[in-house]
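Inspection log for the structure reproduced underneath, given as structure tokens.
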Amino acid sequence: MIGCRSQLLRAVPIGCGRLLMTILVSGSAIAAVLVIGLSPRRAVSLPLYARQTGQTCANCHTGFFELTPAGRRFKLGGYTLGGGDWSGPPFAVMLQAPTVTHTEAGQEGGAAPHFGTNNNFALQQVSLFTGGRFTDNLGAFIQGTYDGVTRRFGWDNTDIRYANSVNIEGHNCCGA
């Protein structure tokens, strides 16, 4: 019994040490994710809308995914506001950095379908955005993404809007 007790006493600090280390590493990882995720960021917007309207991105965006009142009016108005002098095609592109995977030993069966056992290049994702004003009352936001790992294309977001003002008893309402 004394031998068991001494083994138990020696095992508890090791187990507690591992538990404490796991808690500290997990807590640090969660803290890092929160700091990065909640830190202020530049406004994220589409250059095609800035070119269409002649406005800066900050006119419609206050932060990541947040719209100003002007941005909400632009969206509710069917993305149809003009004012810019751009006459080129209404496209914007986002590229998620390509990666190369190299390991000491190859992975049996390959890293994923369509990949070799080692030294794999992958174009992570490429998104193409289009939209803006099609007519006086019709506009859109459309995003399609090619996933280079699965080698598939998919529609991420599609928002096609028709917006028009309505005059009710001399009051203009419900429009942009």
Side-chain angles (χ1 to χ4, degrees), residues 29-30 32-103 107 110-116 118-168 170-176:
I30 290 169
V33 167
L34 288 175
V35 166
I36 292 168
L38 298 176
S39 62
R41 301 178 192 186
R42 257 186 41 233
V44 178
S45 60
L46 291 181
L48 63 100
Y49 292 146
R51 292 187 298 246
Q52 172 184 315
T53 63
Q55 302 290 321
T56 65
C57 300
N59 189 54
C60 292
H61 292 270
T62 60
F64 190 64
F65 289 131
E66 294 178 33
L67 293 174
T68 63
R72 287 190 293 275
R73 280 192 305 275
F74 178 71
K75 185 175 180 180
L76 289 172
Y79 310 104
T80 58
L81 180 66
D85 57 3
W86 175 258
S87 61
F91 293 104
V93 177
M94 178 179 68
L95 173 67
Q96 187 176 352
T99 60
V100 175
T101 304
H102 171 77
T103 56
Q107 301 175 35
H114 313 291
F115 287 97
N118 205 349
N119 300 323
N120 293 299
F121 172 82
L123 177 64
Q124 295 292 317
Q125 289 185 346
V126 177
S127 289
L128 178 67
F129 301 89
T130 190
R133 180 182 179 160
F134 296 134
T135 68
D136 287 344
N137 301 97
L138 182 67
F141 168 77
I142 301 169
Q143 176 188 359
T145 299
Y146 174 76
D147 184 335
V149 176
T150 61
R151 297 183 179 175
R152 291 190 179 145
F153 178 83
W155 294 109
D156 289 327
N157 299 297
T158 301
D159 183 15
I160 301 171
R161 292 177 180 241
Y162 176 83
N164 201 355
S165 297
V166 176
N167 192 333
I168 300 175
H171 297 286
N172 191 13
C173 66
C174 309

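The shown structure was predicted, so the numbers you read here are calculated from the model rather than taken from an experiment.
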Exercise. Where do Ala163 and Gly78 come nearest, in terms of heavy atoms and distance?
Worked result: CB-N, 3.9 Å

Exercise. Atom CE of Met94 and atom CG of Asp156: how far apart are they, to the nearest 0.5 Å?
Worked result: 7.5 Å

Exercise. What are the two closest heavy atoms between Leu48 and Gly132, and how far apart are they?
Worked result: CD1-N, 4.2 Å

Problem set entry | Stepwise side-chain contact (heavy atoms from CB on, under 4.5 Å) test for Asn59 and Thr68 | CA-CA 7 Å; Asn59 189 54; Thr68 63; 5.8 Å; no

Exercise. Which heavy atom of Pro90 sits nearest a heavy atom of Gly131, and at what distance?
Worked result: CB-O, 3.6 Å

Exercise. What's the shortest heavy-atom distance between Ala140 and Phe134, and which atoms?
Worked result: CB-CE1, 3.4 Å

Exercise. So, Ser127 and Gln143: side-chain donor and acceptor under 3.5 Å apart, yes or no?
Worked result: yes

For this session: Find out whether Ile160 and Leu138 are in side-chain contact, i.e. whether some heavy atom of one side chain is under 4.5 Å from a heavy atom of the other.
Result: yes

Exercise. Backbone N or O of Leu67 within a donor-acceptor pair of the Arg72 side chain at under 3.5 Å?
Worked result: yes

Exercise. Hey, do the aromatic rings of Phe129 and Phe91 have their centres closer than 6.0 Å?
Worked result: no

Exercise. Does a side-chain heavy-atom distance below 4.5 Å link Leu76 with Arg161?
Worked result: yes

For this session: Working to the nearest 0.5 Å, report the span between CZ of Phe141 and OG1 of Thr130.
Result: 10.0 Å

Exercise. In Å, rounded to the nearest 0.5 Å, how long is the span from CG of Leu128 to CG of Leu95?
Worked result: 12.0 Å

Exercise. If you measure from CD on Gln52 to OH on Tyr79, what distance do you get to the nearest 0.5 Å?
Worked result: 11.0 Å

Seminar exercise, completed: Between the OG1 atom in Thr80 and the CG atom in Asn164, the distance rounded to the nearest 0.5 Å is 9.5 Å

Seminar exercise, completed: From the list Thr135, Asn137, Asp136, side chain to side chain donor-acceptor pair (under 3.5 Å) partner of Arg133 resolves to Asp136

Exercise. Could you give the distance from CD (Gln124) to CG (Asp147), rounded to the nearest 0.5 Å?
Worked result: 7.5 Å

